[in-house]
*Asks:* 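Submitted below is the structure of interest, expressed as C-alpha cells.
When reading the values below, keep in mind they use all heavy atoms of this one structure, side chains included, and skip hydrogens, waters and symmetry mates. Within every chain, numbering begins at 1; the chains are lettered A, B, ... in the order of the sequence lines, protein sequences first and strands thereafter.
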Amino acid sequence: MTDQAQPDSTEETHIDESHVITERRQKLKALREVAKVTKSAVFPNDFKPEHQAAALHAEYDALDKETLDPQAIPVVVAGRMMLKRVMGKASFATIQDSTGRIQLFINQQSLTDENSEAIYEAFKHWDLGDIVGAKGAMFKTKTGELSIKVSELRLLTKSIRPLPEKYHGLNDQEIKYRQRYVDLITSEETRNTFKARSKVMSAIRSFMTGNEFLEVETPMLHPIPGGASAKPFTTHHNALDMQMFLRIAPELYLKRLVVGGFDRVFEINRSFRNEGLSVRHNPEFTMMEFYAAYTDYQWLMDYTEQCVRAAVTAVHGSAVISYDGKEVDLSKPFERLTIVGAIQKYAPQYTLDQLNDAEFLRAEILKQGTKPFDHAGLGALQLALFEETAESQLWQPTYIINYPVEVSPLARASDADAEVTERFELFITGREMANGFSELNDAEDQAARFQEQMKAKEAGDDEAMYYDADFIRALEYGMPPTGGCGIGLDRLVMLITDSPSIRDVILFPHMRAEA
RNA sequence: GGGGAUUUAGCUCAGCUGGUAGAGCAGUGGACUUUUAAUCCAUUUGUCGCGGGUUCGACCCCCGCAGUCCCUACCA
C-alpha cells in the first residue's frame with residue numbers, strides 16, 4: 001500500500017492516502033486514457049447549467065404529476081452527486097448545487113447520446129462527490145418527488161477523496177474547522193450560518209449607507225497600534241525597514257477622517273489581537289466601527305440599537321429570537337444601567353455604601369479570584385466587580401453606561417462627573433457586543449490621557465496605548481463633537497445564528513498547525 | 001498557564017475483569033427499470049494519536065508528549 005506505482009501523484013499526496021483514494025485515482029487514470037483517445041478534456045469546462053435546484057423546486061413542486069410530466073420542461077443543471085441509487089437499468093442520483101438538491105432519474109433509454117449504453121455503464125462507476133452535469137425534462141416520480149429525466153449526462157469533475165458518511169455527515173469538529181470545504185459540502189446548517197452571515201453584512205451595510213454614512217477603508221498595517229487596549233501582532237516592512245503592527249482597531253484613522261470633514265464614516269473592518277482564543281475570541285475578527293459628527297453617546301445607543309435590530313430582522317424577519325434555547329427580545333428598547341446600577345440589580349447582596357468603598361471592593365474582587373491593579377481607582381474597582389458578578393447575567397440587550405475615565409482613554413468625560421465618561425457597552429446573552437462613546441475631541445486632554453497610558457505601559461501594562469503624535473496633531477486641527485461605536489460582528493452573527501462558538505461563524509478559524 | 005473530556009478503517013461509531021480489533025456507510029464484484037440513508041448476496045481496508053513503561057501478553061493499566069473540544073485564566 002505504501003509503494004504502489006502512481007506516477008502522476010506527487011509525494012505529499014501519499015500522506016493521507018487511503019485505499020478508497022487509490023481506487024479513485026485508478027478511475028481518474030482510466031478517464032485520462034479515454035480522454036487522450038477521444039481528444040476530449042478530462043475536466044471539461046464547456047457545460048453551462050441554466051437552472052438551480054431551489055428555483056426548480058419553487059417553480060414545480062406545487063404542480064402535480066399529471067400536469068407536469070406531459071410538458072416535459074427542459075432544464076440544464078449541474079452539481080455534486082451526493083446520493084446514488086443504481087437499480088440495474090435505471091438509477092437515481094441526487095445532486096447538490098449552491099441552492100439545494102435535485103434528484104436525477106437516469107436510464108439508458110432516456111439518454112439521447114449515441115453512446116448511451118457506454119455512458120450509463122460509466123455512470124454506474126461514478127462516485128459520490130463527483131461533479132456532474134445533466135440535461136433533461138422535469139417530471140415527478142410515482143412518490144411525487146420532483147426529478148429530472150436525464151437525456152444527457154456528463155462527468156464534469158472527478159472527485160478523488162471520499163465524502164463523509166452520507167447520513168451522519170461530518171461530526172469531527174477539528175475537520176469541520178480545518179477542512180471547511182468538506183463541512184460546507186455536507187452540512188446545510190453550516191451553509192445556512194454563512195448565508196446568514198452574508199445577510200447580516202449586507203443589512204448592516206445598507207443600514208449605514210441609508211443613514212448617510214460613507215463606507216471607507218483605512219490601513220490594516222499600522223506604524224503605531226491604537227484605538228484599543230490589546231496586544232498587537234508585529235511585522236516588518238522590508239523596503240521601508242520599519243516595524244509595523246496589524247491593526248487592533250481602526251478608531252484613530254476613522255476619527256482622522258471626521259477631522260477631514262467626512263462627518264459620517266464607517267468601516268467594516270478585520271482587526272487583529274494577539275491574545276488568547278476562546279468561544280468568543282478569534283485572533284482576527286470583524287467589527288463595524290462608525291463615527292457620526294454632532295452626535296453623542298445617547299444618540300449612539302439609539303442608533304446602535306436600530307442597527308442591531310435591522311441585522312437580526314434581516315435574517316429572522318423578527319426581532320425576537322432564540323439563543324441556546326432561551327429567548328432574546330431585541331424588539332423592545334434596550335435597558336440602560338450604570339455599572340453600579342447593574343451590580344445592584346444582579347448582585348443585590350452589596351449595599352451602595354459597600355459599592356462606593358474602594359477598600360471593600362478591592363477585598364471583594366480578590367475574594368472572587370481576580371487581582372485588581374494596584375493603581376485602580378473606585379470606578380475601575382466597580383467595573384471589576386461588575387464583570388465578576390453581573391456581566392454574564394445580562395442576557396437581554398442591556399447598555400452599561402458611564403465607564404470610568406481611567407479605563408476609557410479615548411472617551412469624552414461627562415460634563416456632570418469628571419470621573420466617568422460618556423461611554424457605553426452593549427451586552428446581549430452575557431457577551432459584549434458593542435462599545436461606544438462620545439469622542440474625546442480636546443487635543444490637549446487626549447495628549448494628557450496618552451501620557452497616562454505611557455506611564456502605565458512603563459509600569460508594566462503591556463496593553464496600555466501608545467502615544468500617537470499624528471493623531472494628536474489631527475485633533476489639534478479640530479474634530480467636531482462626535483459619537484463613535486464599534487459592533488462585534490462575529491459575536492452578532494453568533495447571536496443571530498444561535499452558534500455556540502465564534503469558530504462556527506468564521507469560515508476558516510485559526511487552528512494550531514497540523515502535525 | 002491550570003482543570004476536565006476526547007483521539008479506534010476514508011466517514012459515523014462499538015470494543016467486556018488485559019488474551020494483538022468489529023458494525024454501518026463509502027469502496028469492489030454480482031442481482032435489480034420509480035428509488036428516497038434504496039434493498040439483497042459476496043468482499044477489501046487498521047502504525048487503535050505519538051513515544052516510553054508494567055506484563056508471558058496492552059486499544060484497555062502507568063508515565064510523558066501532541067491534536068481537538070469545553071471550562072478557567074488572560075483578554076474591551
*Asks:* Report yes if the distance between the aromatic ring centroids of A/Y303 and A/Y297 is under 6.0 Å, otherwise no.
*Replies:* no

*Asks:* Would A/K84 and A/W126 count as a cation-pi pair here, with the cationic atom under 6.0 angstrom from the ring centre and within 45° of the axis?
*Replies:* no

*Asks:* Compare the minimum distances between each of B/G10, B/U35, B/C13 and the side chain of A/E145, then state the nucleotide with the smallest one.
*Replies:* B/U35

*Asks:* Let me know the distance between CD of A/Q179 and P of B/G10, rounded to the nearest Å.
*Replies:* 13 Å

*Asks:* With respect to the side chain of A/F92, which nucleotide from B/C70, B/G67, B/U35 is positioned closest?
*Replies:* B/U35

*Asks:* Whole angstrom is fine here: how far is it from CG in A/D127 over to P in B/G10?
*Replies:* 16 Å

*Asks:* Which residues pass the salt bridge (Lys or Arg N to Asp or Glu O under 4.0 Å) test with A/E152, not counting sequence neighbours?
*Replies:* A/K135

*Asks:* What is the distance, to the nearest angstrom, from the CG atom on A/L277 to the P atom on B/U72?
*Replies:* 15 Å

*Asks:* Starting from Watson-Crick (N1-N3 plus N6-O4 or O6-N4) and G-U wobble pairs under 3.5 Å, report the runs of at least three that RNA chain B belongs to.
*Replies:* B:1-7 with B:66-72, B:10-13 with B:22-25, B:27-31 with B:39-43, B:49-53 with B:61-65

*Asks:* Can you tell me, in whole Å, how much space there is between the P of B/A5 and that of B/C63?
*Replies:* 13 Å

*Asks:* With heavy atoms under 4.0 Å as the rule, sort A/K27 into base, sugar-phosphate or nothing.
*Replies:* sugar-phosphate

*Asks:* For A/R85, answer base if it contacts any base atom (sugar-phosphate contacts may also be present), sugar-phosphate if it contacts only those atoms, and nothing otherwise; contact means non-hydrogen atoms under 4.0 Å.
*Replies:* base

*Asks:* Would you mind classifying the nucleic acid contact of A/F139 as base, sugar-phosphate or nothing, using non-hydrogen atoms under 4.0 angstrom?
*Replies:* base

*Asks:* Excluding sequence neighbours, so at least two apart, what forms side-chain hydrogen bond (donor to acceptor under 3.5 Å, both in side chains) with A/K65?
*Replies:* A/D69

*Asks:* Suppose you measure atom P in B/U54 against the same atom in B/U68; what distance do you get, rounded to whole Å?
*Replies:* 32 Å

*Asks:* Let's see if you can work this out: which of B/U35, B/C75, B/C70 has an atom nearest to the side-chain heavy atoms of A/Q103?
*Replies:* B/U35

*Asks:* Closer to the 5' end of RNA chain B via nearest nucleotide, is it A/V279 or A/T141?
*Replies:* A/T141

*Asks:* Take atom P in B/A26 and the same atom in B/C40, then report the distance between them in whole Å.
*Replies:* 11 Å

*Asks:* Mind checking if A/R491 touches a base, just sugar-phosphate, or nothing, with heavy atoms under 4.0 Å?
*Replies:* nothing

*Asks:* Under the salt bridge (Lys or Arg N to Asp or Glu O under 4.0 Å) rule, collect the residues that match up with A/D445, sequence neighbours excluded.
*Replies:* A/R449

*Asks:* Report the distance from atom CZ of A/R280 to atom P of B/U72, rounded to the nearest whole Å.
*Replies:* 7 Å

*Asks:* Considering only atom P, compute the distance from B/C16 to B/C11 and round it to an integer number of Å.
*Replies:* 22 Å

*Asks:* From CG of A/N171 over to P of B/C25, roughly how many Å is that when rounded to an integer?
*Replies:* 18 Å

*Asks:* Rounded to whole angstrom, note down the C1' distance from B/A21 over to B/G53.
*Replies:* 23 Å

*Asks:* A/Y167 side chain: which of B/C11, B/U35, B/A37 is closest?
*Replies:* B/A37

*Asks:* Do any side-chain nitrogens or oxygens of A/H125 fall under 4.0 Å of OP1 or OP2 in B/G27?
*Replies:* no

*Asks:* Looking across every strand, which nucleic acid part, if any, lies under 4.0 Å from A/G488 by heavy atom: base, sugar-phosphate, or nothing?
*Replies:* nothing

*Asks:* Can you spot which of A/D504, A/T190, A/V182 makes a side-chain contact (heavy atoms from CB on, under 4.5 Å) with A/K176?
*Replies:* A/T190

*Asks:* Whole Å only: how far is the CG atom of A/L104 from the P atom of B/U33?
*Replies:* 20 Å

*Asks:* List in chain and number order the residues that pass salt bridge (Lys or Arg N to Asp or Glu O under 4.0 Å) with A/K89, two or more places apart in sequence or in another chain; answer none if no residue qualifies.
*Replies:* none

*Asks:* Under the side chain to side chain contact (heavy atoms under 4.5 Å, CB included) test, which residues partner A/L28, sequence neighbours left out?
*Replies:* A/L31, A/R32, A/V42, A/F43, A/K158, A/I160

*Asks:* Kindly say whether the aromatic ring centers of A/F290 and A/F266 come within a distance under 6.0 Å.
*Replies:* no

*Asks:* I need the CG-P distance between A/N282 and B/C74, as an integer number of Å.
*Replies:* 20 Å

*Asks:* For A/M81 and B/G27, what is the distance between atoms CE and P respectively, to the nearest whole Å?
*Replies:* 9 Å

*Asks:* What does A/S501 touch in the nucleic acid at a heavy-atom separation under 4.0 angstrom: a base, only the sugar-phosphate, or nothing?
*Replies:* sugar-phosphate

*Asks:* Could you please name the option among B/C32, B/A26, B/C69 that lies closest to any side-chain atom of A/R503?
*Replies:* B/C69

*Asks:* NA contact type, A/E165, heavy-atom cut-off 4.0 Å: base, sugar-phosphate, or nothing?
*Replies:* base

*Asks:* NA contact type, A/L163, heavy-atom cut-off 4.0 Å: base, sugar-phosphate, or nothing?
*Replies:* nothing

*Asks:* When you measure from the side chain of A/K142, which nucleotide among B/U35, B/C11, B/A26 comes out closest?
*Replies:* B/U35

*Asks:* List the residues meeting side chain to side chain contact (heavy atoms under 4.5 Å, CB included) with A/K149, not counting sequence neighbours, and say none if there are none.
*Replies:* A/F105, A/S110, A/F139

*Asks:* Going 5' to 3' along nucleotides 39-44 of chain B, which nucleotides have protein heavy atoms under 4.0 Å from the base (write B), which only from the sugar-phosphate (write S), and which from neither (write -)?
*Replies:* -----B

*Asks:* What I want to check is whether an N or O donor and acceptor connect the side chain of A/S18 with the base of B/U45 at under 3.5 Å.
*Replies:* no

*Asks:* State which residues pass side chain to side chain contact (heavy atoms under 4.5 Å, CB included) with A/E284; sequence neighbours excluded, sorted by chain then number.
*Replies:* A/R270, A/F272, A/N282, A/H510

*Asks:* Kindly write out the residues that satisfy side chain to side chain contact (heavy atoms under 4.5 Å, CB included) with A/R280, not counting sequence neighbours, or none if the list is empty.
*Replies:* A/S278, A/R431, A/R491

*Asks:* Can you check the distance between B/G52 and B/G57, where both ends of the measurement are the P atom (answer in whole Å)?
*Replies:* 16 Å

*Asks:* A/E432 near the nucleic acid: base, sugar-phosphate alone, or nothing, with a heavy-atom cut-off under 4.0 Å?
*Replies:* base

*Asks:* Taking the nucleotide of RNA chain B with the nearest heavy atom to each, does A/S408 or A/K140 sit closer to the 5' end?
*Replies:* A/K140

*Asks:* Could you please name the option among B/U12, B/G27, B/G67 that lies closest to any side-chain atom of A/H168?
*Replies:* B/U12

*Asks:* Just to verify, what does A/K231 make a salt bridge (Lys or Arg N to Asp or Glu O under 4.0 Å) with, not counting sequence neighbours?
*Replies:* A/E463

*Asks:* Can you measure from CG (A/D490) to CE (A/M494) and round to the nearest 0.5 angstrom?
*Replies:* 9.0 Å

*Asks:* Can you tell me, in whole Å, how much space there is between the P of B/U8 and that of B/G30?
*Replies:* 33 Å

*Asks:* Closest to the A/H281 side chain: B/C11, B/U34, B/C75?
*Replies:* B/C75

*Asks:* How far does the C1' atom of B/C41 sit from the matching atom of B/C32, given to the nearest Å?
*Replies:* 12 Å

*Asks:* Quick one, which residues of residues 105-117 of chain A touch RNA chain B with a heavy atom under 4.0 Å?
*Replies:* A/F105, A/N107, A/Q109

*Asks:* Other residues, nucleotides and ligands only: do more than 12 of their heavy atoms fall within 6.0 Å of CD on A/E189?
*Replies:* no

*Asks:* On the nucleotide B/A66, are OP1 or OP2 found under 4.0 Å from the side-chain N or O atoms that A/R512 carries?
*Replies:* no

